[in-house]
Number of protein chains: 2
Amino acid sequence: MPPRWDIIELLFFAYRDFVGDPDDVLDQFGFGRAHHRVVHFVHRYPGLKVADLLDVLRITKQSLGRVLKQLLDEGYIVQKSGAADRRQRLLFATAKGEALVAQLAGLQTDRISRALRDFKPDEVDAVGRFLSGMIDRDDPDKVLQAILGADSGMTRE
Amino acid sequence: MPPRWDIIELLFFAYRDFVGDPDDVLDQFGFGRAHHRVVHFVHRYPGLKVADLLDVLRITKQSLGRVLKQLLDEGYIVQKSGAADRRQRLLFATAKGEALVAQLAGLQTDRISRALRDFKPDEVDAVGRFLSGMIDRDDPDKVLQAILGADSGMTRE
DNA sequence: AATTTATGTCAGTCATATTGACATATCTTG
DNA sequence: CAAGATATGTCAATATGACTGACATAAATT
């Protein structure tokens, strides 16, 4: 099987520019890419546990610690003790956090919409199936399962 | 325009796993992701100049310096003075470098092929057009132009 | 009561990036 | 030819985001 140089390199450049938009905004907040990832997933999956976040981001708790603390201190995220298990710290985005996520997602959505402009529904669907297919399936990751599970029919509104 | 949470998150996970495969191999060589990027583009675009590489990778020459030196010292890359302009250091992958790139590209190609299995030709085409469309066009980058130029069926202004 | 689990923290290290300043060789231009 | 621009390299200091290992605490489970 010959290497798919085309896709390999397109993925590199596409991802480079895809994360480049948020990076510029994050700089103004004194944040980095790590902060974006954390506040994004907390906003999207309210009540996420610290352990879930570690699974999703594939980093250690020590790495997550500093970034999470900053987001808590500056009021982008709050944490509540779990009702069933009070050891757990369930994470939620504040209005401030939601606003930041929305701003960054807006930039990325603009880019995606531009790329998908004039795509037929089944072409959009193919893009979604490709990206899903690129992801490891043997992954005991709750968030990931939620995404992949909800992923039938990319053309829904 | 509502955020495309689906694509945003699929891209995150797809890229995470896409670069995850090479990372494991690179560890065994004492290399990191930066070494992969450098040797990859040097192999793919023989005679690449240092300045070209800086444009592609969007890093500073100081950052590139250490990584490039290691690859030169360990014989994955060689450099020759430019014929026309002898200030330029033109970079070429050695057989050793090519072998490494091929191994890493093999892993990534396996993943891509798996994702594109059972895709019809026009669906594969849609994936390529999507990725191309995600890339900034106002980019005076020789390598990028080569890639985008070779990508038939693309909509450009 | 003992153990496991979820989380936090301290301390040190590493890889990769940054900015700024300066050096050298070489090409281009007035 | 002299002056300046360009391509590259290097030194120094710094930041971010990752790592390992060890230890602490609180709460759940056995």
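Residue numbering restarts at 1 for every chain, and letters A, B, ... go by the order of the sequence lines.
When all heavy atoms of Leu107(B) and Asp21(B) are compared, the closest pair comes out as CD1-O, 3.7 Å.
Rounded to whole angstrom, the span from the CG atom of Asp55(B) across to the C1' atom of dT8(D) amounts to 14 Å. What separates NZ of Lys61(A) from P of dT5(C) is a distance of 13 Å, to the nearest Å. One can place CG of Leu26(A) at 16 Å from P of dT18(C), the figure rounded to the nearest angstrom. Taking atom CG of residue Leu64(B) and atom C1' of nucleotide dA17(C), one finds them 12 Å apart after rounding to whole Å. Across the protein-nucleic acid pair, Arg58(A) atom CZ and dG17(D) atom C1' stand 17 Å apart, rounded to whole Å. Atom CZ of Arg16(B) is separated from atom P of dG17(D) by 18 Å (rounded to the nearest Å). Atom CG in Leu68(B) sits about 13 Å away from atom C1' in dT10(D), given to the nearest Å. Rounded to an integer number of Å, the gap from Arg66(A) CZ to dA11(C) C1' is 15 Å.
Just one residue in the list Lys80(A), Gln79(A), Lys49(A) forms a side chain to side chain contact (heavy atoms under 4.5 Å, CB included) with Arg89(A), and that residue is Gln79(A).
By the 4.5 Å heavy-atom criterion applied to side chains, Gln108(B) and Leu11(A) are not counted as neighbours. By the 4.5 Å heavy-atom criterion applied to side chains, His35(B) and Leu100(B) are not counted as neighbours.
At least one side-chain nitrogen or oxygen of Ser63(A) sits closer than 4.0 Å to the OP1 or OP2 atom of dC19(D). The side chain of Thr60(A) places no N or O atom within less than 4.0 Å of a non-bridging phosphate oxygen (OP1 or OP2) of dA18(D). For dA17(C), the OP1/OP2 oxygens have a side-chain nitrogen or oxygen of Arg37(B) closer than 4.0 Å.
Between its two ends, the helix from dA1(C)-dT30(D) to dG30(C)-dC1(D) turns its axis by 20°, counting five pairs per end and rounding to 10 degrees.
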Residue pair Phe130(B), Phe130(A): steps toward the ring pair (Phe, Tyr, Trp, His ring centres under 6.0 Å) verdict: CA-CA 11 Å; Phe130(B) 165 71; Phe130(A) 166 70; 8.5 Å; no
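Centroid-to-centroid, the aromatic rings of Phe13(B) and Phe41(A) come within less than 6.0 Å. Ring centroid separation for the pair Tyr15(A) and Phe18(B) does not come in under the 6.0 Å cut-off.
No engagement by Gly65(B) is indicated, since no non-hydrogen atom pair under 4.0 Å with the nucleic acid exists.
Nearest to the side-chain atoms of Gln62(B) among the listed nucleotides dA12(D), dT9(C), dA17(C) stands dA12(D). Closest to the side chain of His35(B), out of dT16(C), dG17(D), dG8(C), is dT16(C).
Sorted by residue number, the members of residues 79-90 of chain A with any non-hydrogen atom under 4.0 Å from DNA chain D read Ala84(A), Asp85(A), Arg86(A), Arg87(A).
Ion pairing between Arg111(B) and Asp136(A) holds under the 4.0 Å rule for side-chain N and carboxylate O. Look at Asp85(A) and Arg87(A) and you find a salt bridge, because one of the NZ, NE, NH1 or NH2 atoms lies within 4.0 Å of a carboxylate O, short of that distance.
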